[in-house]
Amino acid sequence: MLVFFLFCFLYKSRLSLQYDHEKISERHTGQYYTLPAAHIQKLFPHGLPPRFQLQIKTFNEGCVMVRPPALELISYLKKADYSKPPLRYILYGDVGTGKTMCLSHALHYCYTQGWLIVHISDAHLWVKNCKELLPSSSRPSRFDQPIQASQWLKNFKITNERFLSKVQLGYVWTKRERTEKGQPLGELVDQGVNRMKSSSDVVGAVLRELRLQAGGATEGEGAFKLAVAVDGLNALWGKTSLKKEDRTMCEPEELTLIHNVRKMMKNNWSGGAILTALSQTGSLFKPQSAYLPSELLGEEGFDNMEPFVPVSVSNYNEKEFESCYLYYLDRNWLQHSHSRSEEGKKELIFLSNKNPSILERLCAFL
Amino acid sequence: MAASGCRGVRSILWKYGSYGKNLFVSRSKMVPQVKCFLIFKNLAAAGPQKFTQEFIDKQVEEFEVGKRHLANMMGEDPETFTQEDIDRSIAYLFPSGLFEKRARPVMKHPEEIFPKQTAIQWDAEGRPFHFLFYTGKQSYYSLLHDVYEKILAIERHQDKMRNKGLFTSDTKQILLTGSRWLLKEEIEENLVENISVQDYMRLIQLMELLLSMPYCSLEEEFILKFRKQLEVQSSKYEIPALQYDPQGVAFSFADGRRKSAKASITLRDSGSGNITINGRNYLYYFPVLQNREQLMFPLLFVGMSGRFDIEGSVEGSGHSAQAGALRLAISRALLSFVSEGEVEKMRQAGLLTADPRIRERKKPGQEGARKKFTWKKR
């Protein structure tokens, strides 16, 4: 009887919270809201964690839990003054507590508000396992990563299609090729996608243009707010596992992509916000127990990112755990009969210690 | 005592050593060396050494005297010097680093050291004393005779009661729980002769027949001589006492071991199910699910999973062994929070038994403990 009542509560919560970012408040923590499928395709071609993508495929819908860190972030975004330099928000917490998911939630809010999204889904992918490392065409001491850059440009194109024709620019970037003033951004992006060799430089150019134009026009067609989202921020200031041709280790500064993103992180522009999340799971040479910004970013990174607004993400509390458990029950994900009983629930609480990712992995085989 | 062994060997040498010397006469006078040459007697084929009764009596005397000397040496009272005190003193005076306890120096009463032997069974004319001597196993068959006599006595008693009209089936029964029949080896020790498996089973059958009769309580004393009390396991481990914090929160300590991992924990009441091991959360210390399940088992079994806060430290061995050690420690700490019946249930669930399995030793001539080298036919 009680379970039926809770089911009703859950259903009501599921249906009523589509798109209503204005109405979501602290009362709604623990409830799930559905991400519309069209938004998922456009906004997150590469952004969501792989296990969550599997879950979307299985359940045929993407449901995100509303949690306090995400609500906090959205409230800051609502209250911030966009004529001033952007505020930097860092989501930090232990492994598997839901930093990437909170970031995605906040990003969805920005998307529904019509912002231009620059989303780097995992900066760690740019500092390790790169097959091709070309010396940069524009600057001799740097290295390009054509595959990663062109991949990112494709995703950027999908996410921000409506802005591509609106933004105008002019930029000279090699001796041979140049884009005239007044060309739309879309053409630049296409050029980068088609010609792999110069794609990293194109990325740099795109970022620079967006920075310059973000706070420019307050009204009219050209106005937009810029949301820069980086997951795995500690990759920008950590070490790489890439080697140069003479077998010495590559510094992150010597990579064009990383250098450009670092420039984005500085708050010398206006008209947007910088949302970031730390990540230990993909990081190189960091112990598993490190999760605070000072530990993961290192001295250099911390100095660069200061001042920032830290937002801490922790394991589920009782209410959130209940909600997650009921959601899985509702979707028939927990098949084992024992998991539906009180004993089974206690076991789940103990074994996962209410950690979201561990709970998800545990329920996957039940 | 080992001295007797030496003396035995010395006596052999004395008997045969001189004979050997006579055989070997050195021919060259230039080299007057006498080669001492031992003829090796087949000691194993001679059977176990036989000690005479006088010899054993002398040993007992020497033991008593030696005990008084030892007591004087240690500065204790010779009158009240027990076997435990002897063991303690010998361990102090002759410290030994040998791992095998049975190889260390020992001073015990000759009864415990020399195997029991039968005295001469026949008189000066060669006539045996016992009427069953010619069966070969006189003590065993005389025991069977005794048991049968007792059965007959009980039957007679039964008939008497029937005649009087006082026959009842529900009489006082002998309590047999917590004891077992003596093993074949133990009976052989008592009878000082070898019996076969069939003989042993026959004896047990007879005893059971005796037990099946209604008035067997008459011979209770006799039967209990053949039963051995099993140790009561619960009295071995003391339940740790419940201590109270200044705030009034109950807590208890406990230790646990598995393979070579040692764990010690503090279990605090009115907590919320947080478990910290070596300063880290248990979720990050034991990423493997199996280890966390091991930690969960005692708490879930007793039904108090969200009630306690556990703070533990563990060292040594690998992750599974550490989890096992922690589990034992948690179960032991829970004993003080739980009722008697629950303690018995936990014991039956195997939560309180220390796992005796240890890594097996590698043997010479083999790759590992069990693995052999490649077998070649030729």
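Quick note on labels: first sequence line is chain A, next is B, and so on, each numbered from 1. Since we're looking at a predicted model, the values are computed, not measured.
- Counting non-hydrogen atoms of neighbouring residues, nucleotides and ligands closer than 6.0 angstrom, the CD atom of B:Glu208 exceeds 12 such neighbours.
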Going through the distances and angles, do A:Leu362 and B:Arg292 end up as a side chain to side chain contact (heavy atoms under 4.5 Å, CB included)? CA-CA 12 Å; A:Leu362 208 53; B:Arg292 272 175 278 143; 5.7 Å; no
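- We find the CE-CD1 distance between B:Met296 and A:Ile349 to be 11.5 Å, quoted to the nearest 0.5 Å.
- If you measure heavy-atom distances from B:Leu295 to chain A, the contacts under 4.5 Å come from both the backbone and the side chain.
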How far apart are the C-alpha atoms of B:Leu299 and A:Phe350, what are their side-chain angles, what is the distance that settles it, and do they pass the side chain to side chain contact (heavy atoms under 4.5 Å, CB included) test? CA-CA 10 Å; B:Leu299 296 169; A:Phe350 190 100; 3.6 Å; yes
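- Residue A:His338 places its NE2 atom among more than 12 non-hydrogen atoms of other residues, nucleotides or ligands, all under 6.0 Å distant.
- Of all non-hydrogen atoms in B:Leu300 and A:Glu343, the two that sit nearest each other are CG-OE1, 4.2 Å.
- By the 6.0 Å contact criterion, CD on B:Gln290 is open, its count of non-hydrogen atoms from other residues, nucleotides or ligands being 12 or less.
- Heavy-atom distances place no part of B:Phe286 under 4.5 Å from chain A, backbone and side chain included.
- To the nearest 0.5 Å, atom CD of residue A:Glu318 and atom OG of residue B:Ser272 are 8.5 Å apart.
- Few gaps surround NZ on B:Lys372; more than 12 heavy atoms of other groups in view lie less than 6.0 Å from it.
- Applying the 6.0 Å contact sphere to CZ of B:Arg307 captures more than 12 heavy atoms from other residues, nucleotides or ligands.
- Counting heavy atoms from C-beta outward, B:Tyr284 and A:Asn355 have side chains that approach closer than 4.5 Å.
- Counted within 6.0 Å of NZ on B:Lys184, heavy atoms from surrounding residues, nucleotides or ligands total more than 12; the atom is thus considered enclosed.
- Between A:Lys346 and B:Ser305 the shortest heavy-atom distance is CD-OG, 3.4 Å.
- In this structure, B:Met201 places its CE atom where only 12 or fewer heavy-atom neighbours from other residues, nucleotides or ligands lie under 6.0 Å away.
- With rounding to the nearest 0.5 Å, the separation of CG in B:Asn281 from CG in A:Asn315 is 7.5 Å.
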